[in-house]
Amino acid sequence: MTEQILAERAGLYSLLRALYTYPLTDKLLDDVAGLALPPDSPLCDSLMQMQSGLKNIDALNVEMTRLLEGPGRTPSPPFASYYLNNKQLMGPCAMLARQTYLEWRVYPDSKQQLPDDHLAQEMGFMAHLAQLALSSETDRPQALAASYRFLTEQIVPWLPHFSNALMQASDDPFFVGLVKFTQTAIQSDLDWLEPFRTTDPQRTPSVQTPGV
Amino acid sequence: MTKQQGTTLTRRDFLKVGGLTTAGGLAAYSVLGTGFKKISAQEAQSRLENRTVYTACVMCPAECGLAVRVENGVASAIYGNNHAPLNSGVLCGKGAAGLQMTYNANRVKYPMIRVGERGEGKFRRASWDEAMEYIADKLIQIKEETGPEAVIMDTGDVTDRDPYYYFARAFGTPHTVEHGSICDTPRRHGPKLMFGGKRVEPDIMRPVMVRQPDGSLKNDFSYRTRLIVYAGWNPFTATRIVYESKGTVEAKLAGARIVVIDPALSNTATKADQWVPIRPGTDPDLFAAVLRYILENHRDDNPFRKYIDWSFLEYSQGWEEFEEDFRAWWGQTDPVNDLEYFTLEWAEQRTGIDAQTIAELAHTFGITKPAVWVWGMNGIGHHYNGYVAAIIGTVLNVITGNMEVPGGAIDTEIVKSSKGGNSTGGIFNGREVTRRVNGRDVTGHQEQLHMDSFGDWPAAWDDVVGDYPRRFNDGVTLRYGPFRGHQYPIRAFFLRTGNPVITASNTKTWIDALTRKNGDDYNVDLVVYIDTPLLETGLYADVVLPECSYLERMSLSDIYPSHPMIFLRDFVIEKMYESKSQYDIMIALARKLYEKGDPDIKPEDFWEKYPTEEDFWNEALMVSPGRANAGVPLPYPDYPVNYKILGTPDSLEAGRVEIDDEKKEIRGEPVTAQWLRDHHGVAVWPMSWHRFNDGGVLQTDSKKVEFVWDYEVEQDEEVQRKGRYAKYNKLIEEVNDTPPSLQRLGWEKYPRSFYWFETLWNPYTNPDYVQYKDEYPFLVISGRIHHAMSGTQMVDWLGRIPTEDLWMPFNDERVVDEVIVGPDGPAPNGRQVRVPKGTWCIGVIQMNASDGEGLGLESGDLVELESPLGDTTRGKVYLVETIRPGVLRVPLGGGGRFSPGLGKTYDFRDISPNHNEIIDPEGLSPVMGQPAYCDMIVKVTKV
C-alpha cells in the first residue's frame with residue numbers, strides 16, 4: 001500500500017508541475033480529462049471544476065499568459081518571493097529553494113531560467129523527492145522528511161496568497177479549479193507526511209512573514 | 001492552511017485523493033517528469049559559491065563601474081567598483097536599486113506576439129522560433145517589395161547597441177539610430193563643429209592617472225578649477241557625467257566658485273555660490289552678451305581685464321571671420337525690444353537677468369583661470385536655437401584659454417576610449433546598391449539611401465527620431481546624392497530600450513503614426529519592441545522580444561571621462577526566463593533570415609565570424625583606446641607623439657608594442673573582455689592636458705579648432721572644401737535645394753561661421769509669439785529626476801524617493817483597482833490595493849508660489865496646462881520659491897504613464913503630467929531635428 005501511495009504522490013506532483021508550466025498541451029489536458037476520483041475524495045470538486053473548464057488549448061494558454069506570464073503586470077505571479085519579499089523577485093526564499101535543490105544535487109533542467117521559487121519549479125522538486133522516496137528505500141525517510149519541510153517552509157507560506165490572487169483575477173473554471181486542487185492536494189500530502197517529519201536542529205526554518 | 005476540520009487522513013484516505021479508477025491512477029502521471037536533472041557535487045558547489053562580478057550600470061546614462069555580489073547564483077547586492085575612476089567606488093541610490101529592475105515580476109520574460117490592435121497591449125506568448133519567423137517573413141517581404149531602407153533600427157537609450165547596428169546594416173538599411181537624436185543634440189553642436197567633439201565638461205573627474213617625471217603613473221586627486229559655470233545643466237540628477245556631482249562639491253571645497261544659470265533652483269544650484277534664474281530659452285542671449293562683453297572689454301595690458309588668452313590662435317583657424325560675423329550683429333536692432341544685439345541692456349531685457357549681474361558674470365569668467373563654461377541638456381539641448389548657445393559656449397572656453405588646461409574644460413568625446421570599430425557594421429553602409437529612380441537605374445552606396453543625411457536633414461549626424469512620425473505617415477523622398485528623387489515608405493520599426501511614444505516629440509503624433517492604417521493594414525507593417533520592461537511604445541508592437549537585463553548580458557559601457565578608460569559590462573547572473581542578449585538576438589535574427597534565403601545575411605559575417613558573444617565584444621575592443629599620444633605630460637613619452645594608441649595598458653607600459661609609422665599607430669596587445677575581467681573590469685590609460693597641441697585629439701579636417709565650418713584648402717594641387725558643414729553644403733549646391741528646416745530660417749545653406757536665430761514659442765525673444773504672451777503666460781521647461789528617463793519607473797525605491805521638486809509624494813490615498821491588460825484591453829481585475837496618501841512619488845508641475853497665489857492655487861491642486869495648439873496635460877502643482885515666476889518645470893517621462901507594467905506610476909497617470917503631450921510636433925530644431933522640448937508656452941487652469 002505504501003508503495004502505491006508513494007507512486008501516487010510522485011504522479012501528483014509531476015502533474016502539478018506540468019499544469020503550472022507554460023504552455024499547456026493537448027496531451028496534458030487529455031490527462032486531466034481522463035483523471036477520475038472517488039466521489040468522497042476532497043479533490044473531487046476542484047477536479048470537476050477544472051474539467052468543466054477544459055476548452056480550446058489556445059484560449060487556456062492565453063488566459064494562463066494573462067494570469068501568470070505577462071508581459072507587464074500579472075495579477076498572480078507564480079513566485080514565492082513576490083508574496084514574501086514585498087513583490088520583488090529572487091528574495092531569500094528563492095535563494096533558499098536553490099540551496100535546497102543543490103543540497104539534493106539536482107537542478108532545474110530547462111532552457112529557460114525561471115527563478116527557483118516558481119511554483120512549477122517547486123512542484124517539480126517535490127516530484128523529485130517523491131520519486132526518490134519511491135525508488136530508494138535507503139533515501140526514503142530523508143526524502144519524506146525533506147518533502148514535509150519543503151512544503152511547510154517553501155510552499156505553504158505563499159500558496160494561499162497566490163491562490164487568492166488568481167481567484168480574484170479570474171473566474172475561469174480551469175484555473176480556479178487548478179489552484180483549489182493544488183491547495184487541497186498539498187494539504188492532504190502535508191497531513192500524510194506529518195509522521196515522517198524530523199526536527200533537525202541544523203535546518204532552522206527561515207520563513208518570512210508574508211509581505212503583501 | 002489548516003487541516004480540514006473533523007478529518008484525520010490515514011494512509012488509506014490518501015488513496016481517496018488518488019485516481020484509483022483510472023488506469024495506473026495518479027502514479028501514471030510520473031511520466032510527465034520532474035523537470036529536474038541530477039548534477040555532480042562539483043557543479044552543485046560551483047552554483048553555491050559566492051563571488052563578486054565587475055560590470056557597468058544602466059540605471060542611468062552615467063554607466064558607473066559596479067561590483068555585484070553574487071550568492072548562490074543570485075545577485076544579492078550592488079556596490080560601486082573601486083577600480084573605476086569614473087565613480088571611484090561610489091554608487092548612488094539608482095544603481096543600488098538595480099536589483100529591483102532585474103528581479104521585477106513585470107519584466108518581459110518571453111517573446112510575445114500581438115493579438116489585439118496596436119495599443120491595446122494584448123499579446124500571446126510565442127517561442128523564439130515563432131517570433132523570428134514572424135519578423136523574418138516580414139523583413140523579407142519588405143526587402144523584396146520596397147527595399148531594406150524601409151526599415152529603421154532604433155536602439156534607444158542604452159548604449160550597448162552594436163549588435164543591432166551590425167544586424168541592421170548587414171540587412172541593408174542605413175537607418176540605425178539611438179537615443180542621442182532626441183536627447184540634446186543642439187548642446188553638442190558647438191564642440192562638434194569646432195573640435196569634432198561633443199561634450200565640454202569641467203576637469204573635475206578625480207582621481208586622474210598622470211605620468212610623472214620619473215615615468216611612473218600616479219593618481220592625482222587635486223582640484224585646480226577656480227570657477228565652474230553650469231548653464232542649464234544639472235549634473236546632480238540621472239545624467240551621464242556622474243563625476244560632476246562629487247567633483248563639483250570637491251572643487252568647491254578646494255576653492256572653486258560655482259555659478260548655476262537655471263530658471264529653477266536645481267539640485268546643482270543648491271550647491272552653487274550663485275544661482276542665476278534666467279528666463280527659459282535665453283541662454284544663447286546670455287552667452288552672446290558675455291562674449292560681447294569679453295571682446296569689448298578685454299585688455300592685453302591690464303591684468304585685471306585680460307580675458308582672452310591669444311595662444312588659442314596657435315591651434316585654431318578662422319577666428320577673424322567668426323569674430324567679424326559675430327560683431328556684424330552688434331549694430332543691428334532686435335525687433336522685439338529695439339535694443340542692439342548682445343549688449344548688456346539687450347540681454348537684460350531678454351533674459352530677465354539684470355545687466356550688472358551679466359557684466360559681473362562675464363568679467364568673473366574672463367578674469368578667473370582656470371575656469372569652465374558648461375551647458376547642458378535641459379537648458380540648451382532642449383531648445384530650438386540651442387546650437388547658437390553651444391557654439392558661443394565653446395568659443396568662450398577657447399578664447400579665454402580654458403580648453404584643455406588643468407582645471408579647465410575638456411571635450412570628453414574626443415578623449416574617451418574608442419570602441420565599436422567593425423562591430424558596428426559600418427562597413428556594410430559602403431555596399432553598392434541600385435535603385436530605380438524616375439525611370440532609370442541608379443547605383444550608389446547603401447548609406448546614400450539614408451532618409452536624413454540625404455533627405456530633409458543632411459546635417460543631422462544623430463538622425464532625427466523626432467521626425468519619424470511624419471516619415472511613417474508620408475514616406476521618404478530623398479533630396480540629395482545619387483538617389484535624389486527616390487521614394488520609399490517606412491515599413492518596419494525596431495525599437496530597443498527606448499520609448500519614443502513618451503519621450504520623442506509629441507506623444508499624440510507618435511501614437512497616430514504607429515496606429516495609422518491604410519485600409520485594414522497598418523502603414524508601418526512591422527513594429528518590434530526589444531527591452532526588459534514593457535514601456536508605452538511596447539504596447540504598440542507586433543512582436544515583443546525579451547532582452548536580458550544588464551546583469552545578464554555583456555557589452556562595453558559608454559562613458560565620458562577626462563581621459564581614456566573603458567568598463568566591461570559582464571554576465572553577472574544567468575539569463576532569466578527566455579530573455580536573450582543583444583548578441584543572441586542579432587544571431588537569431590540573422591540565422592532565420594539566412595535560412596529563408598536573404599541575400600545579404602551571410603554566415604561568415606555572423607556566427608562564423610563571432611562564434612561566441614565574447615568574440616563580438618572583443619571586436620569592439622580592437623579600437624581601444626584609439627586616442628592620440630598627445631598632451632602634457634605625454635601619456636607615453638617613449639612612443640611617438642600624436643600616434644594613435646591601441647592596446648592594453650600593461651602591454652603599452654611594458655613596451656610590448658608594435659609601432660606602425662605608416663599608419664601612425666602604437667599597437668600593444670589588444671584589449672579583450674577577459675583582460676578586463678582579469679583587471680577588475682576596467683582599463684585605464686593616462687591622463688594629460690593640452691591635447692589640442694599639434695592637432696592631438698582634435699577631429700576636425702584641419703586638426704585645429706575651427707571657427708569656420710565651410711572653407712577651402714589647396715590640397716594635392718586641387719581646391720578642396722573642408723569643415724563640418726562643407727559636405728552638407730555641397731549636397732545642397734549640387735541640386736540647388738535647401739532643406740525645409742533651413743528654409744524656415746530663411747537660409748540657403750549652412751552658414752560658414754557664426755549664426756544667430758531665435759527660438760520657438762518664446763514671446764520674449766521671438767516676435768512671432770508676442771501675441772500669445774498674455775493668454776499663455778507660462779514658459780514650460782523640462783527637468784530630470786532620478787529615473788533614467790522613462791525606463792526605470794517600475795523600480796520601487798525610485799518611486800518612493802522625492803527629488804528635484806519634480807518627483808514628489810503627492811499621491812492621494814487610493815484603493816487602486818489593479819488594471820491588467822486582459823482579453824478586452826486594460827480593465828480592472830477585481831483585485832484592489834490600498835496606496836496610502838503621500839507614500840508614492842508622482843511627477844509634478846513646479847510653479848512659483850507667487851504665480852500659484854495669483855491663480856488661487858495651493859500645492860497639490862490638480863491643474864491643466866494648455867498650449868496655444870490646444871494640447872493639454874494635467875498634473876499637480878508644487879508651489880515653491882525656487883523657480884523663476886512665469887516658468888513651469890515638468891519632469892520628462894515622469895507622468896501620464898499608461899503602460900500597466902509600470903507599477904504605481906501607472907496608477908497615478910491621471911494626476912501626473914506628460915511633458916510630451918504639449919510640445920509642438922513641428923518644433924524640430926533646424927540643424928539636427930531635436931524636438932524642442934523646452935519651447936512651449938501654456939495657460940494654467942485649476943481642474
Q: Please check if the side chain of A:Arg17 supplies one atom and the backbone of B:Leu32 the other of a donor-acceptor pair under 3.5 Å.
A: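 Yes, the answer is positive, given that a donor and an acceptor are paired below the 3.5 Å cut-off.
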Q) In terms of the angle between their ring planes, are B:Tyr110 and A:Tyr22 parallel, tilted or perpendicular, with boundaries placed at 30° and 60°? A)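 B:Tyr110 and A:Tyr22: parallel rings.
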(Q) Tell me whether the rings of B:Phe36 and A:His128 are parallel (<30°), tilted (30 to 60°) or perpendicular (>60°). (A)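 The arrangement is parallel - the two ring planes meet at less than 30°.
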Q: Just grab all the salt bridge (charged side-chain N to carboxylate O under 4.0 Å, His left out) pairs involving residues 163-173 of chain A, residues at least two apart or on different chains.
A: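 Output for this query lists A:Lys55-A:Asp172.
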Q. Chain B: which of A:Gln121, A:Met64, A:Met123, A:Met126 shares the most heavy-atom pairs with it under 4.5 Å?
A.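 Winner by heavy-atom pair count: A:Gln121.
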Q | A:Gln99 portion near chain B, given a 4.5 angstrom heavy-atom threshold | A |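 For A:Gln99, heavy atoms of backbone and side chain both lie under 4.5 Å from chain B.
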(Q) For A:Ala10, which atoms come within 4.5 Å of any heavy atom of chain B: side chain, backbone, both, or neither? (A)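 Contact with chain B involves both backbone and side-chain atoms of A:Ala10.
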Q: Could you list the residues that satisfy side-chain hydrogen bond (donor to acceptor under 3.5 Å, both in side chains) with B:Arg800, not counting sequence neighbours?
A: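 B:Arg800 satisfies side-chain hydrogen bond (donor to acceptor under 3.5 Å, both in side chains) with B:Asp796 only.
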Need one label for [X]: side chain, backbone, both or neither, based on atoms under 4.5 Å from any heavy atom in chain A.
X        : value
B:Lys38  : both
B:Leu534 : side chain
B:Leu99  : both
B:Ser579 : neither

Q: Would you mind reporting whether B:Met112 and A:Thr65 have side-chain heavy atoms less than 4.5 Å apart?
A: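 A:Thr65 vs B:Met112: side chains touch.
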Please list every donor-acceptor pair under 3.5 Å in which a side-chain atom of residues 538-548 of chain B meets a protein atom from a residue at least two apart or in another chain.
unit_1, atom_1, unit_2, atom_2, d
B:Asp542, OD1, B:Arg114, NE, 2.9
B:Asp542, OD1, B:Arg114, NH2, 2.6
B:Asp542, OD1, B:Arg118, NE, 3.1
B:Asp542, OD1, B:Arg118, NH2, 3.4
B:Asp542, OD2, B:Arg118, NH2, 2.7
B:Asp542, OD2, B:Val527, N, 2.7
B:Glu547, OE1, B:Tyr164, OH, 2.5
B:Glu547, OE1, B:Arg496, NE, 2.9
B:Glu547, OE2, B:Arg496, NE, 3.3
B:Glu547, OE2, B:Arg496, NH2, 2.8
B:Glu547, OE2, B:Arg553, NH1, 3.3

Q | Of A:Glu8, A:Gln131, A:Arg9, the residue whose pairing with B:Ser30 passes side chain to side chain contact (heavy atoms under 4.5 Å, CB included) | A |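 The single option meeting the side chain to side chain contact (heavy atoms under 4.5 Å, CB included) with B:Ser30 is A:Gln131.
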Q.
Applying a heavy-atom distance below 4.5 Å, give me the residues of residues 68-78 of chain B that approach chain A, sorted by number.
A.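 Contacts with chain A: B:Glu71, B:Asn72, B:Gly73, B:Val74, B:Ser76.
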**Q.** Value rounded to 0.5 Å, distance of CG in A:Leu35 from OH in B:Tyr29
**A.**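 The CG atom of A:Leu35 sits 4.0 Å away from the OH atom of B:Tyr29.
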